[in-house]
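Have a look at the structure below, then the notes.
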Amino acid sequence: MGLKKQFDSKRYEPPVIDLSNKNNSHTLLVELTGSNKTVLEVGTSTGYISKILKERGNQVIGIEIDPEAASIAKNYCDQVIVGDIENLDLEGLFEPEYFDVVVLGDVLEHLQWPDVFLGKIKRHLKPTGYLLVSLPNIAHGDVILNLLMGKFQYTDAGLLDKTHFRFFTLKEIAEFFDTMDYQIADLHTTIFELGNTEVDVDWDSVPPEVLRFVKSLPHSNTYQFVFKVYLKEYNLVSNGVSIAKMNCFQGCIPFRDAYLVSLEETLSQIYNSNGWKALRVYYRLRDRFFQEGSQRKRILKKTLALLGKSFLYLKKAIFYWKQFGFWTALSKTLKKLQSPKGNIPFHLHDDESRPEKTNRKIKPAVDILIVTFNSAESIGKCITSLLHSSYENLGEIIIADNHSVDQTIEKIQALVPDARQSIQILMNQSNLGFGRAVNFGANHSRNELLLLLNPDAMVSPNTLSVLVDTMEHFGEKCAAVEARQIPFEHPKLYNPVSLDAVWFSGCCVLLRKAAFQEVGGFDENIFLYAEDVDLSLRLKNAGYAIKYCPKAVVSHEIDPHQARPHQKIYGALSNLYLRAKYGQKLSHWLFSMVGKILHRDMVFPNPLKVFSYLYKGWSNKYPQISNLKGYFPAVGFGYEILRRRGHNVSILPFPHEALVSVVLRTHDRPELLARVLKNLGNQTYEKIEIIIVEDRTKTGLLVVEKFRSLNLRYFHYDGTKGRTGAMNFGLLQARGDWIYCLDDDDVIFADTIETLLYYATHTPSLMAYGGSLELLTDDNWTGILRPGYFQAYDQEKLKRENFIPVGTFLFHRQILEKTGMLDESLEILEDWDFLNRLGQKTDFKYVPKDFLIFLTPLDTQKRLERQRRLDEAYWQVVKKNKR
């Protein structure tokens, strides 16, 4: 573009654009642009791409240096500007923040000073807008082979086009945009294998070993890189995808195929084993005599449940009898039997302010510790993601290898020359297990912060920065900060307000090394699984805090439904060990363990051999156990008081630019308002506005002043329609296309709005809802947490039962045109009435995941009074919707 025209621009026009061919830069440019946007296409040529973009509802302005090509492009663009992009006065041509997308398809390599142009175009890009760039890869294998043979011959088009001023590899691309204060996201590649480009290679002169080496180089078969580029001010925690995540996908295909073959062989062995045949006989007998849904099956389930509870109560009664005497034992047992069903203590405290970014100029150095064992398939992607981290003070990458026998070490060594910092490889002579390997690696760490990372996990560019900021905010007593795993996460519960977690997963967690060493590191008696739970409990018992950081993202693609025999074996053994270590009796957990082993999901060829293995392992560890006293919250066979349902609901961060209006009603409860505002500040979807409607009082004004960093609008409602009128008033103030309603005594999990928005945008009903948990409390802070509503959509059942509370559903504002506003004659259950009216017109999208914690009174009299009011409103709504 900056070069005088040596060739007709029409020579770049392809004969046809096949949008079904994903291995084509034109197709990728069209798809990544999307629809209904304001687009600037630089180098529009004859408008062959502009034509398709216009058909998709975009407003397209083109810039073209060739007048003849521009005259053709005018037929497809809203406007075409003829001129050299490097010399045009962009300030005089375009308004500030005007374009959603600037398309630079094979343009930057033609410019003399692309950095000058990128600096000028920033002013005309919307804050949420992006550049869409395609660049040829000079490091293609055909070019490398010619260079090795002393040849660098230009061509009329392609990788070595005669009009190219600049040449790029992936590393130079990343560094170039980083220096220009841009950030890269959504990296895609087009693939042309060696010998299939326009570059002519003398294949007879290429030694076979050289050819094999060139083919093994990263991106040696990549012809073009196609990617989005955002301004650095734009937060990519929810929307961005790291370069590293896309970097190695092509190289994974051979490993995937080999893995599938090995899985087929394993399945064949399992199906032919005696243990599997015996299980099939058992399942046939069970299905014949205790069919699902039958009366016999229901009686069996209730009987087993009753026996289990009776056994537990008997154990507690005997324990209390021995410790305190008969009457105390009787009193405690009766109190337990009379308490609400599913009693689980839970503290919804809020003793911290909202974490903010620290102003510290020099960030602390962070070492990375990765334990590997036959991790060749994934370690390349993991380390590459670290090398593209935006954290400014990345320390040393420490690899503690547990005697891998595949190509793990070779894969790591191949990445060393490209690293910004050193990679230290520690070679163990045997498989030490995860905990011992971490302890060994931590002794070689020189910095005070240590990131534990699984070899099959990939961090986003800003993951480490967010983790460090969170740990610095919470101070010296914060010992661990865990990142959010996508698309699958652990089902453990965390506090949505304070972000306190019961335990952390070792997949991706930032540790304060001083605290880690103070409690003795990992328990080396645990070979695999639950060692992170044990360390978490010891840290909490030592007075340290453990935090969950939902805005720090790590990709850890594990199928929660996949049966992994080693996890079942070591998981059961470690589970039993922990309970003995923390003072639990052996008998109950041993029965639980046996039940797990014989569970139908197990795929062990011989359950008796597995039990024998576990028994021997347990016997060897039993003498080493010293019982601990302290915090141990586990209920049942898990490691927490209650699991959040829906951890297997898969959702990746997605580039959605819609504004969500959160309508929050309140009345003279400043403490609750402060808590829910802090809760909303933890949301992973950040493009939200919070509309606060205070009914008749103004006590929330002082609270709002403390949360001005959020996108808040406060309204005082002085109407006569009560809480329903207040919500309607808030709906009228909403500016967003999507609406989410919330009461001040509810809290939501960090991914609630993001997940509901994703599913709502992918359903014709434009409405999605999920499940909830119930907190029984009298002081609005501490109480009994138990499962709430978790009901798939049933239109007829919705007419009889309100199973979709406020705070579990999100909808498009178009729905208000169908149903009208909330019925202000209803003081309560107005949301159920609204959903009933909507349900008569469309179905709802159900997302099987817990999103909300709602409060109900723990006091019996208060609960009865609340239920009386609900019953009165219930029949009012039923009668109304029958008409």
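Only heavy atoms go into these numbers, but all of them, side chains included; no hydrogens, no water, no symmetry mates.
Here the side chain of Asn58 pairs no donor or acceptor atom with the backbone of Val60 at under 3.5 angstrom. In this structure, the side chain of Thr155 engages the main chain of Ala157 through a donor-acceptor pair within 3.5 Å. The backbone N or O of Tyr758 lies less than 3.5 Å from a partner atom in the side chain of Thr761, making a donor-acceptor pair. Remark: side-chain polar atoms of Ser375 are not paired, donor with acceptor, to backbone N or O of Pro455 under 3.5 angstrom. No donor-acceptor distance shorter than 3.5 angstrom exists from the side chain of Ser45 to the backbone of Gly47, with no hydrogens or angles considered.
Within the structure, salt bridge (charged side-chain N to carboxylate O under 4.0 Å, His left out) pairs that include any residue of residues 99-115 comprise Asp100-Lys126 (at least two apart or interchain). Pairs engaging residues 42-55 under the salt bridge (charged side-chain N to carboxylate O under 4.0 Å, His left out) rule: Lys54-Asp78 [sequence neighbours left out].
Side-chain contact between Glu482 and Leu510 is absent, with no heavy-atom pair separated by less than 4.5 Å. Side-chain contact between Val214 and Leu194: present, with at least one pair of heavy atoms (C-beta onward) separated by less than 4.5 Å. Side-chain contact between Ile63 and Leu40 is present, with heavy atoms from C-beta onward closer than 4.5 Å. With contacts defined as side-chain heavy-atom distances shorter than 4.5 Å, the pair Leu145/Leu147 does not qualify. Side chains of Leu159 and Asp161 form no contact here, defined as non-hydrogen atoms less than 4.5 Å apart. Annotation: side chain of Leu511 is in contact with side chain of Leu452 (closest heavy-atom distance under 4.5 Å). Inter-residue side-chain proximity for Val133 and Ile184 is flagged as unmet; no heavy-atom pair is nearer than 4.5 Å. By the 4.5 Å heavy-atom criterion applied to side chains, Ile49 and Val30 are counted as neighbours.
Note: Phe227 and Phe177 meet the aromatic proximity criterion, with ring centroids under 6.0 Å apart. The distance between the ring centers of Tyr223 and Phe225 does not fall below 6.0 angstrom. Aromatic pair Phe99/Phe94: ring centres closer than 6.0 Å.
Between Asp469 and Lys363 there is a salt bridge, with a side-chain nitrogen of the basic residue lying less than 4.0 Å from a carboxylate oxygen of the acidic one. Taking the charged nitrogens against the carboxylate oxygens, Glu686 and Lys551 do have a contact shorter than 4.0 Å, which makes a salt bridge. For Lys381 and Asp456, the salt-bridge test fails: no basic side-chain N is under 4.0 Å from an acidic carboxylate O. Taking the charged nitrogens against the carboxylate oxygens, Arg484 and Glu754 do have a contact shorter than 4.0 Å, which makes a salt bridge. Ionic pairing of Lys22 and Glu31 is present here: one or more N-O contacts between side-chain nitrogen and carboxylate oxygen are shorter than 4.0 angstrom. With salt bridges taken as basic N to acidic carboxylate O contacts below 4.0 Å, none links Arg446 and Asp367.
Atom NZ of Lys215 is surrounded by 12 or fewer heavy atoms from other residues, nucleotides or ligands within 6.0 Å. Applying the 6.0 Å contact sphere to CD of Gln153 captures no more than 12 heavy atoms from other residues, nucleotides or ligands. More than 12 heavy-atom neighbours from other residues, nucleotides or ligands sit within 6.0 angstrom of CG on Asn447.
The line from CD1 of Ile81 to CG of Leu93 is 4.5 Å long, rounded to the nearest 0.5 Å. Taken to the nearest 0.5 Å, the CG atom of Leu104 stands 8.5 Å off from the OG atom of Ser134. The CG atom of Leu451 sits 11.0 Å away from the CD1 atom of Ile398 when rounded to the nearest 0.5 Å. One distance of note links NZ of Lys37 with CZ of Arg56; it measures 11.0 Å at 0.5 Å rounding. The CG atom of Asp18 lies 5.5 Å from the CG atom of Asn21; values are rounded to the nearest 0.5 Å. Distance check: Asn221 CG to Ile191 CD1 gives 4.5 Å after rounding to the nearest 0.5 Å.
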Step-by-step side chain to side chain contact (heavy atoms under 4.5 Å, CB included) determination, His140 to Val199: CA-CA 10 Å; His140 191 281; Val199 179; over 6 Å; no
CA sep, side-chain torsions, deciding dist, call: Leu118, Phe176, side chain to side chain contact (heavy atoms under 4.5 Å, CB included): CA-CA 11 Å; Leu118 291 176; Phe176 175 70; 3.3 Å; yes
Test side chain to side chain contact (heavy atoms under 4.5 Å, CB included) applied to Asp156 and Lys162, step by step: CA-CA 6 Å; Asp156 290 339; Lys162 292 179 180 180; 3.5 Å; yes
Working for side chain to side chain contact (heavy atoms under 4.5 Å, CB included), residues Cys508 and Val459: CA-CA 8 Å; Cys508 181; Val459 296; 4.3 Å; yes
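Residues Thr408 and Ala376 come closest through the heavy atom pair OG1-N, 3.1 Å. In plain terms, the two heavy atoms of Arg166 and Leu111 that are nearest each other are CG-O, 3.7 Å. Considering every non-hydrogen atom in both Ala552 and Ala483, the closest pair reads O-CB, 3.4 Å. Across all their heavy atoms, Thr128 and Tyr230 have their closest contact at O-CE2, 3.8 Å.
Put simply, the residue from His388, Lys232, Gln183 that forms a side-chain hydrogen bond (donor to acceptor under 3.5 Å, both in side chains) with Asp178 is Lys232.
Ring geometry, Tyr154 versus Phe167: the interplanar angle falls from 30° to 60°, so the pair is classed tilted.
Side-chain contact of Ser404 with Asp401: a donor-acceptor pair under 3.5 Å is present, judged by distance alone. If you check the side chains of Thr197 and Asp142, you find a donor sitting under 3.5 Å from an acceptor. Gln485 and Ser505 form a side-chain donor-acceptor contact under 3.5 Å, judged by distance and modelled atom types alone. Between the side chains of Glu41 and Ser50, a donor-acceptor pair is found at a separation under 3.5 Å.
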